[in-house]
Q: 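Pasting a structure here, questions to come.
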Amino acid sequence: MSSLIRHVTVDSANPYVLAGFWAQALDGSLADDDFPGDPEAVVTAGGATLLFIRVDEGKAVKNRVHLDLQPRDRTRDEEVDRLLSLGATLQADHRRPDGTGWVTLHDPEGNEFCVERSAAERNDA
């Protein structure tokens, strides 16, 4: 038997606030027992679980692992706009004139993540 991934864990200065961003971004939910000031917070969304834990050190370098998001019910560009309105910031725009490519964003604590084209956009190409 092999192991399975239980959580993807993210170091955070404020776990509850960052988990709230990701719960909105992924249309997920915070655990019922997570509250402001807690040392950890859990988000469940679409079969994945993200665990945010408080660490004292700030983020210093590029993430070695990041999330790639694929919108389910909107286009990549609509999803980028929605995430920016939730508090993400633009890091790099890799969209190409032919519609391919992706956008790299930062979450409110500076963690990189990418937004790719939706399945419908890929099928239309």
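The shown structure was predicted, so the numbers you read here are calculated from the model rather than taken from an experiment.
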Q: Glu109 and Ser12: which non-hydrogen atoms are nearest, and at how many Å?
A: OE2-OG, 2.9 Å
Q: Holding to ring pair (Phe, Tyr, Trp, His ring centres under 6.0 Å), I want the full list of residues that pass it with His94, two or more places apart in sequence or in another chain.
A: Trp102
Q: Given Val10 and Trp22, is the side-chain contact (heavy atoms from CB on, under 4.5 Å) satisfied, shown in steps?
A: CA-CA 11 Å; Val10 179; Trp22 281 103; 6.0 Å; no
Q: Donor-acceptor pair, Arg72 side chain versus Ala119 backbone, under 3.5 Å?
A: no
Q: Working to the nearest 0.5 angstrom, can you tell me the gap between Cys114 SG and Gln91 CD?
A: 8.0 Å
Q: Taking a hydrophobic cluster as the set of Ile, Leu, Val, Met, Phe, Trp and Tyr residues connected by side-chain heavy atoms closer than 4.5 Å, whether directly or through intermediates, do Val115 and Val8 fall within one such cluster?
A: yes
Q: Tell me the closest heavy-atom pair linking Lys59 and Asn63, and the distance in Å.
A: CE-OD1, 2.7 Å
Q: Given 3.5 Å as the limit, does a donor-acceptor pair link the side chain of Glu121 with the main chain of Ser118, or not?
A: yes
Q: Under 4.5 Å between side-chain heavy atoms, counting indirect links through other Ile/Leu/Val/Met/Phe/Trp/Tyr residues: same cluster for Val55 and Leu18 or not?
A: no
Q: For Glu112 and Thr104, which I'm curious about, is there any donor-acceptor pair between the side chains at under 3.5 Å?
A: no
Q: Taking atom CG of Asp33 and atom CD of Glu40, what is their separation to the nearest 0.5 Å?
A: 8.5 Å
Q: Check for me, please, whether Tyr16 and Leu51 land in the same ILVMFWY cluster - side-chain distances under 4.5 Å, paths through other members count.
A: no
Q: Looking at every non-hydrogen atom in both residues, tell me the closest pair between Pro15 and Ala41 and how far apart they are.
A: O-CB, 3.8 Å
Q: Identify whether the distance between the nearest side-chain nitrogen and carboxylate oxygen of Arg82 and Glu79 falls below 4.0 Å.
A: yes
Q: For Asp68, I'd like to know if atom CG has over 12 heavy atoms of other residues, nucleotides or ligands within 6.0 Å.
A: yes
Q: Identify the two heavy atoms, one from Ala19 and one from Leu30, that lie closest to each other, and give their separation to 0.1 Å.
A: CB-CD2, 3.3 Å
Q: Any sub-3.5 Å donor-acceptor pair from Asp38's side-chain atoms to Phe35's backbone N or O?
A: yes
Q: For Thr100 and Asp98, which I'm curious about, is there any donor-acceptor pair between the side chains at under 3.5 Å?
A: yes
Q: Let me confirm one number: the CZ-CG distance from Phe21 to Leu83, rounded to the nearest 0.5 Å.
A: 5.5 Å
Q: To the nearest 0.5 Å, how far apart are NZ in Lys62 and CG in Asn111?
A: 11.0 Å
Q: For Leu50 and Val42: C-alpha separation, side-chain torsions, deciding distance, then whether side-chain contact (heavy atoms from CB on, under 4.5 Å) applies.
A: CA-CA 6 Å; Leu50 302 176; Val42 174; over 6 Å; no
Q: I need the Thr89 OG1 to Asp107 CG distance, nearest 0.5 Å.
A: 8.0 Å
Q: Start with the C-alpha distance between Leu69 and Leu26, add both sets of side-chain angles, then the distance that settles side-chain contact (heavy atoms from CB on, under 4.5 Å), and finish with yes or no.
A: CA-CA 9 Å; Leu69 306 184; Leu26 300 174; 3.7 Å; yes
Q: Looking at Pro108 and Gly87, what are the two nearest heavy atoms and their distance?
A: CG-O, 4.0 Å
Q: Flag the pair Asp93 and Arg95 as a salt bridge only when some basic side-chain nitrogen lies within less than 4.0 angstrom of an acidic carboxylate oxygen.
A: yes
Q: Can you give me the closest heavy-atom contact between Arg117 and Arg76, atom names plus distance?
A: CG-NH1, 3.3 Å
Q: Give, for atom CD1 of Ile53 and atom OG1 of Thr9, the distance between the pair rounded to the nearest 0.5 Å.
A: 6.0 Å
